[in-house]
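Proteins get letters first, then strands, A, B, ... in listed order; numbering begins at 1 in each.
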There are 2 protein chains.
Amino acid sequence: MMELDEIDRKILRALAEDATQNAGALGRCLGLSQPATWRRIKRLQDSGVITGRKLDLDYEKLGFGVTVFLGVKLATKGRVSLEDFERAVTAIPEVQTVEHVLGLFDYRLRVTARDIADFERVLRRRIMTLPGIGDVEANVLLSEERRPGPLG
Amino acid sequence: MMELDEIDRKILRALAEDATQNAGALGRCLGLSQPATWRRIKRLQDSGVITGRKLDLDYEKLGFGVTVFLGVKLATKGRVSLEDFERAVTAIPEVQTVEHVLGLFDYRLRVTARDIADFERVLRRRIMTLPGIGDVEANVLLSEERRPGPLG
DNA sequence: GATGAAATATAAATGAC
DNA sequence: GTCATTTATATTTCATC
């Protein structure tokens, strides 16, 4: 676990919102020089707090207008079942996220499809045929807001 | 909706994995010059397919070792109730994601906390006191894998 | 329309203090 | 931490297919 001061938190908050801004501009907002800001960012990367930078894609623009969250309960458990399920589910291109969870469900999946008809195809041919699959519950995404989360 | 060729898809796949790589290196992998690659990336940004770049943070390193997914059913619905709920829930710093969904639940929340005791505090003081909140279901995150998703 | 080569602008990275 | 500098990358220009 990493010790952060208030400036580090401001840097993380700013870059969590928009990772394209450069060290010079970000530093000016914080009253810091470009090298000082850059070294703080590098320290956050080297310490593993920042693990990477990823693209935000508009899947609607790509023709994928339907996103569904599936809660999955396995019918058969045990080490092999979990591994089989995970191997098979990660091979489905429409599955964006696989979350192994504890609670009413065993896995939560984020699935995207072109439309409802396409989603039905994915559900019937790919999801319901997964090894060990049991009960499945679905929620269709209407809108989503992501926030930076707490930073210490 | 945007027309993409195979090279655009390869660029998106590569940048979705790691948005830090530069146009020159990425272009060499694809047999393309640096300006050609850069112009394609810019085109994807201008067309709105790429909506931004965000940091990937290790919340465990920040001291937040517990992530819980909450399914929330509202007790009272209607336009005002939804807006009140959304305004209040987005003001909770531990809430990383607010998803308005259709199905068994009305909202799905991704909540992070320092530990289970901290999560109980957030749940009792912040979540269960949200305006209009009804049934709540919880799943604790064990592990997670994100994949690029389909790209056309 | 697309590209690549070359030139320029900007940001990243380093060194000295 | 700053400031000055070097190095790398992003961005524009232009000729070409």
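A salt bridge links B:D5 with B:R40: the distance from a Lys NZ or Arg NE/NH1/NH2 to an Asp or Glu carboxylate oxygen falls below 4.0 Å. Ion pair B:R43/B:D46 not flagged as a salt bridge, since none of the NZ, NE, NH1 or NH2 atoms sits closer than 4.0 Å to an Asp/Glu carboxylate oxygen.
Between B:R28 atom CZ and C:dT3 atom P the separation is 17 Å, expressed in whole Å. Across the protein-nucleic acid pair, B:I7 atom CD1 and C:dT3 atom P stand 7 Å apart, rounded to whole Å. Protein atom CD of B:Q21 is 15 Å distant from nucleotide atom C1' of D:dA10, rounded to whole Å. We find that CG of B:L26 is positioned 14 Å from C1' of D:dT9, with the value rounded to whole Å. Rounded to whole Å, atom P of C:dA2 lies 12 Å from atom CG of B:L44. For the pair A:N22 CG and C:dA9 P, the computed distance is 17 Å after rounding to whole Å. To the nearest angstrom, P of D:dT9 lies 14 Å from CZ of A:R53. Look at CG on B:L4: it is 18 Å from P on C:dG1, rounded to the nearest Å.
Nearest nucleotide to the side chain of A:A36, out of C:dT3, D:dA10, D:dT2: D:dT2.
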>> Does the protein touch nucleotides 11-17 of chain D at the base, only the backbone, or not at all? Give it as B, S and - per nucleotide, heavy atoms under 4.0 Å.
In response: BBB----

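For the pair A:R108 and A:F69, the NZ or CZ position fails the cation-pi test of under 6.0 Å to the six-membered ring centre and within 45 degrees of the ring normal. Taking the ring centre of B:F64 as origin, the terminal cationic atom of B:R114 falls inside the region bounded by 6.0 Å and 45° from the ring axis.
Transitive grouping of hydrophobic side chains (ILVMFWY, heavy atoms separated by less than 4.5 Å) brings B:I127 and B:F119 into a common cluster.
Only one option out of A:F105, A:Y107, A:F85 pairs with A:H100 in a ring pair (Phe, Tyr, Trp, His ring centres under 6.0 Å); it is A:Y107.
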